[in-house]
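A quick write-up on the structure given underneath.
Residue numbers start at 1 and run along the sequence shown.
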Amino acid sequence: MRNWMTPVMYILIGLAIFFVGVQLFTNTSSFLINIVIMIGMAAILYGAIYYFFLRGRGFSGGSGNRTEMKKYKQAVKQSKQKYKQPAPAIKKSPAAKTAVKSAPFTRKNRRRTNGPQLRVIEGNKNKDKNRASF
């Protein structure tokens, strides 16, 4: 089936190019007007399809993934807080260092406010691994 389809497609494309050339040389003004109208209609059709169907997909701010985008931003915020770099210390004179170093081994007791957010993934838990059978 594919053997006869290829020449037919080449013939159709060749005829289309031939008739576009004939139309361009014989009736140039109406040809250009028709091209502009076709491009305008295609742009309007694409805009309508994009607005009604494709806008909500992806992270482009559409209404379909607003909750996912909010979760992503929250995760980025948490990651930045977790791996935050301390600010570089400002160099002070030696006299100021001795006044600050009164208690060198004081530790802050910091408690975690939120534990890790773990999620249970349900699966086939009853399946035993039989590693002896090769």
Side-chain angles (χ1 to χ4, degrees):
M1 178 171 177
R2 196 170 176 115
N3 292 338
W4 65 271
M5 279 295 269
T6 306
V8 170
M9 291 302 293
Y10 285 134
I11 291 172
L12 286 176
I13 291 171
L15 285 174
I17 291 172
F18 174 73
F19 285 115
V20 165
V22 169
Q23 185 73 20
L24 181 62
F25 289 117
T26 59
N27 200 359
T28 306
S29 62
S30 67
F31 173 74
L32 293 176
I33 290 171
N34 284 339
I35 293 294
V36 169
I37 289 173
M38 282 190 279
I39 290 172
M41 292 298 287
I44 290 171
L45 183 65
Y46 175 76
I49 290 172
Y50 177 80
Y51 182 77
F52 290 114
F53 298 111
L54 302 177
R55 183 175 53 149
R57 296 184 185 182
F59 288 114
S60 62
S63 62
N65 287 330
R66 228 172 249 183
T67 57
E68 291 178 16
M69 190 62 173
K70 190 184 281 187
K71 289 178 184 177
Y72 172 75
K73 286 182 180 180
Q74 180 68 29
V76 168
K77 189 176 176 183
Q78 286 179 353
S79 178
K80 284 183 180 179
Q81 286 176 353
K82 182 177 180 181
Y83 296 110
K84 184 170 60 173
Q85 297 287 334
I90 301 171
K91 292 186 178 183
K92 296 182 180 179
S93 65
K97 284 184 183 179
T98 57
V100 173
K101 269 191 167 180
S102 61
F105 293 108
T106 58
R107 272 182 96 174
K108 293 180 183 177
N109 285 338
R110 219 169 90 182
R111 298 184 111 195
R112 286 185 112 172
T113 56
N114 293 335
Q117 307 235 336
L118 302 175
R119 186 167 144 191
V120 175
I121 300 173
E122 299 204 16
N124 193 1
K125 296 175 185 171
N126 295 331
K127 189 175 183 180
D128 292 328
K129 293 181 181 177
N130 191 359
R131 295 184 181 161
S133 62
F134 288 144

### Query
For Ser30, which residues count as a side chain to side chain contact (heavy atoms under 4.5 Å, CB included) partner, sequence neighbours excluded?
Gln23, Asn27
### Query
Checking side chain to side chain contact (heavy atoms under 4.5 Å, CB included) against Leu15, which of Ile17, Ile11, Ile13 comes through?
Ile11
#### Entry: Pairwise distance CD1(Ile44) to CD1(Ile49) - rounded to 0.5 angstrom
12.5 Å
### Task
For residues Phe31 and Thr26, determine if any side-chain heavy atom of one lies less than 4.5 Å from a side-chain heavy atom of the other.
no
### Message
Quick check: is Met38 connected to Leu24 through a chain of hydrophobic side chains (ILVMFWY, heavy atoms under 4.5 Å apart)?
### Response
yes
### Joint hydrophobic cluster, Val20 plus Ile39, side-chain heavy atoms closer than 4.5 Å
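Yes, it is one cluster - the side chains of Val20 and Ile39 are joined through contacts under 4.5 Å.
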